[in-house]
Structures are given as structure tokens and as C-alpha cells.
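To start, the structure under review is shown below, and the notes come after it.
So you know, we letter chains A, B, ... as the sequences are listed, proteins then strands, and number each from 1.
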Amino acid sequence: MQEKYHPQSIEAAAQAHWNQTRAFRAVEDPAERHGKPKYYCLSMFPYPSGKLHMGHVRNYTIGDVLTRWHRMRGYNVLQPMGWDAFGLPAENAAMQNGVPPAKWTYDNIAYMKQQLQSLGLAIDWERELATCTPRYYKWNQWLFLRMLEKGIAYKKTQVVNWDPVDQTVLANEQVIDGRGWRTGALVEKREIPGYYLGITKFADELLAALDTLPGWPERVRTMQANWIGRSQGVRFAFPYTLDGKAEKLWVYTTRADTLMGVTFVAVAAEHPLATLAAQNNPALAAFIEECKRGSVMEADIATMEKKGLPTGIFVEHPLTGRQVEVWVGNYVLMGYGEGAVMAVPAHDERDFAFAKKYGLPIEQVIAQGDATYSTDAWQEWYATKEGVCVNSGRYDGLGYQDAVDAVAADVEAKELGGKQTQYRLRDWGISRQRYWGCPIPIIHCETCGSVPVPDDQLPVVLPEDCVPDGSGNPLNKREDFLTCACPRCGKPARRETDTMDTFIDSSWYYARFCAADNDAAMVDERTAYWMPVDQYIGGIEHAILHLLYSRFWTKVMRDLGLPGMDRNGGEPFANLLTQGMVLNHIFSCRTEKGGVEYFAPEEVELLRDEAGKITGARRIGDGGTVDYQGIGTMSKSKRNGVDPQSLIDEYGADTARFFMMFASPPEQTLEWADSGVEGAHRFLRRLWAFGAALGQVADTALPATPAASAAPLAVLRREIHLALRQANYDLSRHQFNTVASAGMKMLNALEKAQKEIGADAEGRDTVIGEGFSILLRLLSPITPHITHALWRELGYGNDILDATWPEAEESALVQDEVELVLQVNGKLRGAIRVPASADRAAIEAAALATEEALRFMEGRPARKVVVVPGRLVNIVA
RNA sequence: GCCGGGAUGGCGGAAUCGGUAGACGCAGCGGAUUCAAAAUCCGCCGCCGCAAGGUGUGGGGGUUCGAGUCCCCCUCCCGGCACCA
């Protein structure tokens with residue numbers, strides 16, 4: 001056995017052993033799985049951006065620890081891996097260096113796969129998949145066609161960011177301060193046709209099923225519930241007459257109790273009434289044009305200056321018949337709700353600000369207690385639902401719910417609306433005007449219109465040799481792709497060139513891993529065995545979109561009767577661990593065109609103020625200053641990712657894994673710093689050295705008669721089993737940093753015992769041997785290579801993967817005497833030792849008799865003595 | 001702006017149910033070993049104080065015998081906001 005720790009050779013040997021024994025091949029066959037319960041552990045698959053970053057190492061190590069821990073505890077485990085391989089970065093890379101996205105993607109996959117393998121993850125690579133292969137995306141297309149048939153998929157207009165110079169649709173990420181990232185041109189909103197998936201049809205089920213997911217973090221369920229945003233309100237109309245015809249302007253509100261306070265109505269720039277009013281109003285037409293500039297992002301719209309212009313059109317208040325003017329507001333969205341909102345300036349903060357700005361009337365209709373209403377400044381209570389109606393005629397004195405009920409009944413009686421349940425959730429627009437994605441299987445025929453591609457012609461294969469240049473989708477120039485025959489009439493026709501949102505790819509990959517090699521079906525009986533995913537692990541940034549889309553997609557597959565999709569009540573992920581982001585500093589600088597260029601942290605030198613706060617940075621090469629953007633998620637686009645490769649090359653995968661787990665608990669955000677790596681590596685060297693010095697383990701039988709609990713060997717055994725008990729608890733709650741700590745504590749205790757307990761002490765070698773075997777097994781999920789080598793070298797067994805998981809023994813934990821903290825008036829004043837069996841009275845007496853108690857009670861009598869068994873005694877004097 | 005989360009020594013973090021704040025590491029300081037260095041080992045290590053002691057978990061208030069933990073208010077930071085993935 002090597003005296004020194006050489007991670008490279010140890011890790012290569014362990015990985016070769018796992019390959020030879022096909023150690024991580026998952027089996028569905030009942031004959032092979034020996035009645036073990038299944039455990040499907042899945043980490044979110046990576047986008048093949050080029051290199052792994054620390055966020056990946058964190059994510060995949062967490063999954064690997066859980067996988068290996070469950071395997072050793074007798075589960076039949078599956079841990080697959082694949083590639084979320086379609087997406088924008090491949091097109092950006094193509095624009096930069098002229099390489100086709102396909103080649104760039106496949107090269108990245110090859111490199112990153114080798115990086116993942118060097119981490120020693122217990123992955124069944126035989127199930128690997130990439131979403132950019134026709135074998136995979138054929139089933140996106142197949143399921144899309146099923147959704148079309150069922151009316152879940154449909155076509156309508158969508159609003160996109162349009163770059164007028166490049167004549168192309170921009171992703172939100174490509175819009176910087178309202179301008180195109182490459183051209184610097186002001187971005188416009190443009191309406192184009194696109195396909196939508198009716199996720200809102202599932203809104204109630206998606207909301208209700210959150211309560212059936214106790215294995216999900218509370219915060220994720222809350223975020224999803226808020227996102228779905230079910231609200232009970234009233235949908236009603238403001239009638240008006242146009243060219244002698246009776247028309248209705250519809251709005252929706254959750255505050256029908258404030259209806260009597262409506263002083264104007266605001267509509268979106270794209271609303272038909274706005275278009276109409278603009279026809280002979282040049283100022284309004286110009287304003288509507290202005291509204292169309294800027295991005296479509298909600299965050300931008302919510303923070304921009306609220307502006308409006310009157311249309312000169314009046315509608316009738318549905319209850320009073322009073323004339324109410326219609327305004328165009330830049331904050332009203334056509335794509336959400338009715339594209340129009342009633343404005344109650346007195347009781348809505350946004351309407352209040354808008355009314356103050358344009359001098360519109362503010363009329364109080366809700367009162368709370370004695371609070372006086374003033375239009376001078378907005379106050380929190382103005383928006384209360386706790387108050388009662390005032391200045392509201394027959395509704396005066398009613399509370400929120402009574403007022404809403406009464407108003408709803410009244411508009412209903414006038415046939416102008418009624419109660420309605422609404423959702424904040426919108427249908428899922430899936431059309432992307434991009435090349436590197438899954439083609440939408442539609443053929444456009446002049447005669448027949450949009451015709452679905454027949455199943456037997458699937459997949460519609462994406463040509464892999466295109467190179468996007470930033471001016472639109474290159475598929476529009478590919479005659480060989482475009483040209484086809486109409487499936488219905490046979491006449492020449494054109495293929496749809498829009499591709500699918502890449503969230504579709506990741507909405508069902510977990511199901512495909514179970515049947516990755518099936519070319520005849522999307523999923524099969526093996527899916528039914530493995531589903532649901534028992535443990536899903538991924539970044540908190542996916543808390544809403546990816547997870548909600550996956551839940552929706554699973555329910556659609558379930559409704560089609562596909563195998564396994566009905567498991568767990570149609571929910572794909574039984575337990576969810578949301579990993580915190582790995583953050584690093586971000587440095588950027590503006591380009592001439594108004595875009596943003598990013599610099600890697602190693603390319604700049606930090607500038608700090610007197611307090612040590614970072615204010616900016618200087619490029620190392622040319623000394624140019626760059627802006628400090630604070631810290632944020634490691635990402636390729638921001639160039640702040642840290643490649644783990646140098647860490648692995650220098651210290652080995654076990655050190656990288658151990659350090660990552662030790663650095664912080666998984667759910668917590670982690671600011672990257674490599675300052676603890678040395679310590680992690682030092683610990684593994686000590687572990688190796690201890691094993692090397694221990695040599696072959698001879699006898700594993702513990703002494704028949706346990707020593708007194710104060711004897712050094714009993715103390716050692718207690719320390720080991722105490723740390724083990726804590727570590728097992730910590731594993732169960734996924735707090736791996738303290739599991740690593742427990743391993744360190746065990747080694748500290750073993751080293752101390754070996755030094756201090758004489759070699760002639762009876763049972764010494766067995767207790768130390770037992771302790772070390774517990775330590776190796778405990779660490780093996782985190783550092784699988786070194787523990788694999790030591791387990792074999794010391795003769796504990798052939799393969800630590802087959803060892804049983806250690807459990808703490810109660811008999812090792814007993815103590816004859818315990819120490820209790822002594823407090824006087826809640827302040828720590830000392831400690832007392834009492835027999836473990838001492839009762840309350842005995843503890844009180846012992847505490848009151850101490851010198852510290854007498855001193856700090858200063859002659860006052862004890863008014864009360866609080867005894868917390870096993871912990872403390874507090875004398876209140 | 002809205003929704004969700006976070007803040008504990010110089011740094012990462014620990015403290016399971018409201019019960020010894022700072023486990024386990026990193027960095028630092030002192031020592032041993034060494035011709036020397038690396039490596040290794042031993043000790044110290046929140047802040048103020050010679051000590052007794054006081055004080056301390058982002059800031060302010062509250063509940064309690066006792067608060068990092070519970071309640072109210074505030075600040076800053078992170079994630080998401082539907083075309084980054």
C-alpha cells in the first residue's frame with residue numbers, strides 16, 4: 001500500500017473498477033433487482049455550454065451523495081445523465097466563430113462528459129441522451145401533435161421583442177435597456193402568430209396538487225401557487241355606444257367593492273378602443289407608437305414610468321351610468337386579462353400615482369376606523385380589504401366580501417358580467433423564431449392552411465449544418481428543409497420554420513431516461529417502474545418555470561395514458577432539493593453599440609474603497625476600467641463561471657467533491673471562494689495516512705463486556721457513535737456539510753486515541769478498526785475513490801459499495817454522569833456534574849449548593865429554578 | 001415594482017423542539033521538528049478588559065426565567081418575473 005495519498009492513481013483505479021463491474025448500471029428486471037425498493041435520483045441535466053462550472057459540481061455531487069447513500073442502504077438506484085442540448089448559446093457561438101451550433105454542441109458534450117466522468121459520479125451512462133438528437137425530439141413533435149388534436153395546443157398572436165435593424169426577434173436576454181444587444185437599435189414590441197399550450201386548463205390541478213407534495217420545499221410551493229395566482233373576482237363591462245351600436249368594454253377586478261370609486265378606465269396601447277381613438281388623434285397615435293417601444297419583460301414594465309393619454313372616448317359606469325373616460329396606459333398589457341383595467345385612484349397605489357400625475361379625480365369609497373383620507377400622499381391602509389364602503393350609495397357600510405357579492409349580483413342583474421375565477425398564469429407560448437431547436441411539425445399549404453405533419457413522417461429533422469448570422473432564422477433560407485408536399489392535398493407546400501421553446505425538451509427528459517433506447521414509443525413499461533423521480537435536485541432558479549412546465553407536461557402525458565405518468569398522482573418529482581446558486585463577481589463594460597461585454601474575474605484587478613468594498617475593477621492587460629456588477633450566478637454569458645478542472649487536476653475529484661459538500665449546506669447560496677480547498681485535501685491526506693498506518697484489519701469482534709463509560713476506549717466509541725448518529729440525521733435532512741464535519745471529528749478522535757491509548761489496552765485495535773470502518777462508509781458517498789481504495793487495502797471487503805450502511809449503537813452512547821450548564825438569571829455561571837439518573841430535586845439541590853450560585857444570587861432567595869433535563873439548570877433569583 | 005429566500009468571528013459555516021453562540025474547517029499568531037524550506041505535529045484565536053467581568057448572531061422594538069431561533073418594523077444582498085437555461 002502506498003504511504004502517500006496519490007489521488008490521480010487511486011481515482012483512475014476506482015473508476016476502472018466501476019467500469020469493469022458495470023457498477024452503476026440500473027436494472028428494471030425483477031430477477032436482478034432482488035426485491036429492493038427503487039430509488040430514482042435525478043440531478044437537472046446540464047446545458048452543454050463548454051465546460052463544467054462549480055454549480056454543476058455542487059449539483060451533481062449532491063445527487064451522487066444521495067444516490068450512493070441509498071444504494072448502500074439497500075435501494076435499487078437509477079442515476080442517469082443527459083444534455084439539454086438545444087438553445088441560444090449555440091447560436092451565439094456560431095455567430096462568433098462560424099461553427100455550426102450542432103458541431104459546437106456535440107464537441108461541448110464530449111468534453112463535459114469526460115469532465116463529469118472524472119468526478120466519479122455513480123451514473124448509468126448507458127441511458128445518456130441529448131435533446132438535440134432526432135431520436136429524442138421526435139417525441140416532442142409527437143406529443144405536440146397529440147395536444148393539437150386535443151385542443152391543448154392552439155395558435156394565436158404573441159408579443160415579441162423586434163430588432164428593426166437586424167430584422168429579427170430578440171430574446172429578453174438580448175435586450176439591454178430597451179435596445180438590441182448587437183445593433184443598439186431601440187427594440188419594438190411586435191405581434192406575430194405563434195403556438196400556445198393551454199397550461200391554464202390545468203391551473204386548478206397544478207395548484208391543488210402542490211398540497212400533495214410534502215417532499216417539496218415550502219418556498220417552491222409558495223412561489224408556484226403565487227405564480228398560478230388564482231383569484232376570485234368580478235368580470236364586468238362598461239357599456240358604450242359607438243356609431244349607434246351598443247358595445248361593451250370588459251374588465252376584471254378583485255376589488256369590486258371599490259367599483260363606486262372608479263374615475264377612469266385604462267386600456268393597453270394595442271386595445272381596439274385605443275386604435276380607434278388614434279385614427280383622428282395624432283398625439284394619441286404617437287403615444288401608442290411610443291408604448292410599442294421597449295421590452296416585453298414584466299420587470300421592465302413594472303418599473304418604468306407610468307404614462308397615459310386620454311382617448312376622448314367615454315364609457316358608462318355599469319351601476320351609476322356616470323360617464324367615465326377611457327385612457328391609454330403604457331402599463332396595461334394587452335396579453336393579460338382583458339387588456340383593460342378599471343382605475344380606482346383612491347384605493348390602488350398605481351392608479352393613485354397615475355391620477356395625481358394627470359390631475360384625475362380621486363374619490364374615497366373605503367374607510368377604516370377613524371383614519372382620515374387625504375389625497376396628499378398614498379398610505380398603506382388605502383388598499384385595505386378590512387374597511388367598509390363609504391360614499392357608495394346602497395353599498396355603504398358593507399365589508400369587503402359583502403360588497404363584492406352585492407356588486408357582482410348587481411352587474412349580473414344588468415347582464416353586464418358576474419363573478420369569475422381568474423389566474424395570473426398565462427398559456428405557454430412555445431414558438432421561437434430560432435434555428436437551434438426542435439422543429440414544430442406543421443406544414444403550410446396555400447390551400448389547406450396549417451397542416452400537422454402525419455405521425456409516420458416524424459421526426460421532422462433539423463438540418464445540422466446551418467450557421468446563424470444574427471439576421472433571423474437560417475431555416476428560412478434552406479430550400480431543402482422548407483420544400484415539402486402538403487400531407488392533405490399533395491400540392492407543394494412549406495414547412496414551419498419556428499422551433500419549440502427549449503423548456504419543452506426539459507419537460508419530460510426524466511421520463512425518457514427510463515426508456516432512452518425505445519424508438520417505437522415515447523416511454524414504456526420501464527418508465528412505469530421508475531417513475532416518479534424519488535429525488536430531484538437542481539438550482540432554485542428553476543423553482544417556477546421548468547418545474548411547472550414539467551408538472552404540466554406530465555399531466556398531459558398521463559391523460560394520453562402513457563405508462564408511468566399517473567404515478568404519484570401525476571406528479572413527476574416526489575421530492576425536490578433546490579440547490580442554492582454558486583455566485584461569483586461579475587464585471588462588465590458597455591460596448592459602442594450599447595451592448596454589454598463581460599470579463600472573467602481572473603481578467604481584472606479589483607478596486608476597493610476605504611471600507612474594503614469593491615467599487616470597480618481594472619483589466620489586467622490594458623488597465624482599462626470595467627464596471628462591477630456585484631455578485632451573481634455563475635453563467636457562461638456573464639463569464640463568471642469557475643472551471644473545476646484545475647481543482648480536479650491538482651487535488652483530485654475527491655477533494656473537489658468533499659470541499660463542495662463541506663463549504664455550505666446545499667440549499668444555501670454560496671459565494672465562490674477556494675480558500676478551504678487546501679484544508680479539504682489535507683483531511684484526505686490524513687485519512688489516507690491513518691489507513692496506511694493502521695494496516696490490515698485483523699479482528700473485528702468487539703469486546704463482549706463493555707468497559708465503564710469513562711474508560712478511554714468507551715469514550716472513543718461514544719465519540720464515534722455520537723458523530724455517526726448526528727451524521728445520519730444530517731444525511732436525512734440533506735445537510736452534507738455537517739456530515740463532512742462528522743467525518744473530520746471521527747478522524748480527530750481516532751488519531752487522538754491511537755496516540756493516547758496504549759497498544760496493550762484490551763480491545764484497542766478492534767474499537768479503532770470499527771471506528772475507521774464507520775468513517776470510511778460514512779465518507780464513501782462524498783469521497784468514493786479514496787474510501788474505495790482504503791476499504792479494499794485494509795481488508796474490510798472487496799467493494800465498499802456492497803458494505804452495509806453504519807447505524808449508531810445505543811449501547812455505545814450511554815453515560816454514567818452528565819454535565820449540566822448552570823445559569824443564574826439566564827446568565828451562564830458554571831456547570832455541574834450529576835449522575836445520569838439524577839432527578840429534578842437532586843439537580844436543583846446540586847445547583848443551589850454551588851459556589852457560583854451562591855455568589856451570583858447575592859443573598860436573594862431562589863424564586864424559581866428551571867431544569868432542562870440533560871441540558872441546563874437556571875436559577876431565577 | 002411584484003413574488004420567494006438570506007444576513008452569525010478576518011472567511012466558509014455549526015447550534016435538531018426557545019436552553020452553554022461560534023462545532024468542524026480556512027486564514028492568522030506562537031511553538032516543536034528541520035542545516036533550511038515544504039510537509040507534519042502541538043497550542044492560542046469574537047470584541048472590550050490586567051483581571052473580575054462586561055458585551056456580542058444586519059439595524060430598531062417586543063414576548064420569555066432564557067431569543068441566532070418566536071412576533072412587529074426597517075436596511076442591504078441573492079433568485080424568479082413567462083424568449084438565458
Considering every strand and a 4.0 Å limit on heavy-atom distances, what is the contact class for [X]: base, sugar-phosphate, or nothing?
{"X": "A:Arg855", "answer": "sugar-phosphate"}
{"X": "A:Ser637", "answer": "nothing"}
{"X": "A:Asn748", "answer": "sugar-phosphate"}
{"X": "A:Pro665", "answer": "sugar-phosphate"}
{"X": "A:His542", "answer": "base"}
{"X": "A:Trp227", "answer": "base"}
{"X": "A:Val876", "answer": "sugar-phosphate"}
{"X": "A:Leu872", "answer": "base"}
{"X": "A:Val865", "answer": "nothing"}
{"X": "A:Val169", "answer": "base"}
{"X": "A:Lys755", "answer": "sugar-phosphate"}
{"X": "A:Phe45", "answer": "nothing"}
{"X": "A:Phe683", "answer": "nothing"}
{"X": "A:Arg829", "answer": "sugar-phosphate"}

Worksheet item: Syn or anti for B:rC73, with syn set at within 90° of 0?
Response: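 For B:rC73, whose glycosidic angle is more than 90° from 0, the conformation is anti.
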Practice prompt. Assign B:rG9 to syn or anti; the rule is syn for a glycosidic angle within 90° of 0 and anti otherwise.
Written response: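 Syn for B:rG9; the angle stays within 90° of 0.
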Discussion item. Counting only side-chain nitrogens and oxygens, does A:Gln735 get under 4.0 Å of the OP1 or OP2 atom of B:rA15?
Written reply: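 Checking A:Gln735 against B:rA15: at least one side-chain N or O falls below 4.0 Å of OP1 or OP2.
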Discussion item. Quick check on contacts: within residues 657-664 of chain A, what sits under 4.0 Å from RNA chain B by heavy-atom distance?
Written reply: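 Hits under 4.0 Å, by residue number: A:Phe662, A:Ala663, A:Ser664.
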Worksheet item: Which nucleotides of nucleotides 68-78 of chain B have their base under 4.0 Å from a protein heavy atom (B), which only their sugar-phosphate (S), and which neither (-), written as one string 5' to 3'?
Response: ----------S
Discussion item. Expressed as a whole number of angstroms, how long is the span from A:Glu173:CD to B:rA82:P?
Written reply: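 Spelled out: CD on A:Glu173 to P on B:rA82 is 13 Å.
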Practice prompt. Answer yes if the ring centres of A:His681 and A:Phe659 are under 6.0 angstrom apart, and no otherwise.
Written response: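 Not close enough - the centres of the two rings lie 6.0 Å or further apart.
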Worksheet item: For B:rG1, what is the paired nucleotide under Watson-Crick or G-U wobble rules, both distances under 3.5 Å?
Response: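 B:rG1 is paired, partner B:rC81.
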Item to complete: Tell me, please, whether A:Phe856 has A:Arg829 positioned over its six-membered ring: NZ or CZ under 6.0 Å from the ring centre and within 45 degrees of its axis?
Response: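 The answer is yes; both the distance and angle limits are met.
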Worksheet item: Roughly how far apart, to the nearest Å, are B:rC3 and B:rA82 at atom C1'?
Response: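 To the nearest whole Å, 13 Å.
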Item to complete: Sticking with atom P, work out how far B:rC45 lies from B:rU8, rounded to a whole angstrom.
Response: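 It comes out at 23 Å once rounded to the nearest Å.
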